[in-house]
Amino acid sequence: MSEATVIDGKAFAAKVREGVAGEVAALKAARGVVPGLAVVLVGDDPASQVYVRGKGKATLEAGMESFTFRMAGTSSHDEVLARVEALNADPRVNGVLVQLPLPGQIDERAIVDAVDPAKDVDGFHVVNTGRLATGLDATVPCTPLGCQLLLRDRLGADGLKGAEAVVVGRSNIVGKPMAQLLLRDHCTVTVAHSRTKDLPAVVRRADIVVAAAGRPEMVRGDWIKPGATVIDVGINRIERGDGKTRLVGDVRFDEAVKVAGAVTPVPGGVGPMTIACLLANTVAAARRQHGAPEPD
Ligand code: NAD
C-alpha cells in the first residue's frame, strides 16, 4: 500500500494568512479601519510567552495592530478583570485574548466570560460555545477551526458527509468544539476520552481521526483504518535520548503514514493553522464590529 499524503499545514496556513492580510488591506481601504488584537499574558510561563510572542508577530505581519499586556503572576482576579473590561471598551481593540492557563488565584472561567463575546476571538466565551452547539453563527475556537479547514480541503464537503469521525479528547478548547464542527459537516461523531473502553477499537472505526489527548504517540498504526484521514492536534515534548528534546504529536507518525490516507505531521500540521485562524477570527470580528460585508 502506498504511503499516506502528508498534509502540509504550514503551506495551508500561509494561504489563510495571505487571505487575512488581503481582507485587512480591504477593510483599511474601504473604512479606514485597522483591526487590533489584544493579548493579555499573566505570569511568566515559558510556553505561554512563546505563544504570545508568536501571536503578536503574526498579527503585525497580517497588517493588524497588536497590543500585548504582560501582568505579574501575582496579579489579583480583579486586576485581570479590570484589564479585560478596559480592552472591551477600547475601540482600537477588535479581539481580546487572555492567554491560558491563568495562575491559580484567578477564576479562569469568569475571566473568559468577561470578554465581550463580540471580541472573543478565541471562541471560548460561553455565548460562542452555546451558539456553536446550537448551530448559530459563532466565533469558533482556533485549533478546531484549523482542523476543519484542513479536513474540508482534503476531503471536500461530500467527503465529510456521513463519515465516521472519532475525536480523542473532550476538552472545551479542542475536543468538544471539534465534535460540534464535525457534526455541522454531517459526520457521525464519537468523542473518546480517558475513560473510553477499548480506545483502539473505537479509533479503528473512524474514517476521520482527530487526536487531541496530549499523550505522546498514543495512537498507533494498527489503531487506524486503512485510508483514514488523521489530524494530529497533540504537541508533546519528549526526551530524544541524547539529552535533547523533540516535539511529537498524539499519533505515532511513522506507523500512521503507512496506513492512513492522509495525516498531519507534528510540527507543521495543525499548529500553524491555529495562529492563522486566530488572525481570521480577528479580522472577522473587526468587520462585524464595523458593519462591513463578508468578503466573497
Ligand atoms: P486537555 O488536557 O485539556 O484534554 C485532553 C483530553 O484528552 C481530555 O479530555 C482527556 O479525557 C483526553 N485523554 C487524556 N488521556 C487520554 C487517554 N489515555 N486516552 C484517551 N483520551 C485521553 O488538552 P487539550 O488542551 O485539549 O490539548 C490536547 C493536546 O493538543 C495537547 O497535546 C495540546 O498541547 C495540544 N494542543 C495543540 C494545539 C495546536 O495549536 N496544535 C492547540 C491546543 C492544544
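In listed order, ligands and their atoms are each counted from 1.
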Novice: Kindly tell me which protein residues have any non-hydrogen atom under 4.0 angstrom away from an atom of ligand 1, grouped by chain and ordered by number?
Specialist: Thr143, Val168, Gly169, Arg170, Ser171, Ile173, Val174, His193, Ser194, Leu199, Ala212, Ala213, Gly214, Arg215, Met218, Val233, Gly234, Ile235, Asn236, Val270, Gly271, Thr274
Novice: Mind checking whether Leu278 and Leu37 have side chains closer than 4.5 Å, heavy atoms only?
Specialist: yes
Novice: Is any NZ, NE, NH1 or NH2 atom of the basic residue among Asp254 and Arg252 found under 4.0 Å from an Asp or Glu carboxylate oxygen of the other?
Specialist: yes
Novice: So, Arg220 and Asp222, do they make that salt bridge, N to O below 4.0 Å?
Specialist: no
Novice: Between Lys225 and Glu164, is any pair of side-chain heavy atoms under 4.5 Å apart?
Specialist: no
Novice: Hey, does Leu160 have a side-chain heavy atom less than 4.5 Å from the side chain of His186?
Specialist: no
Novice: Applying side-chain contact (heavy atoms from CB on, under 4.5 Å), name anything that partners Asp153, two or more places apart in sequence or on another chain.
Specialist: Phe12
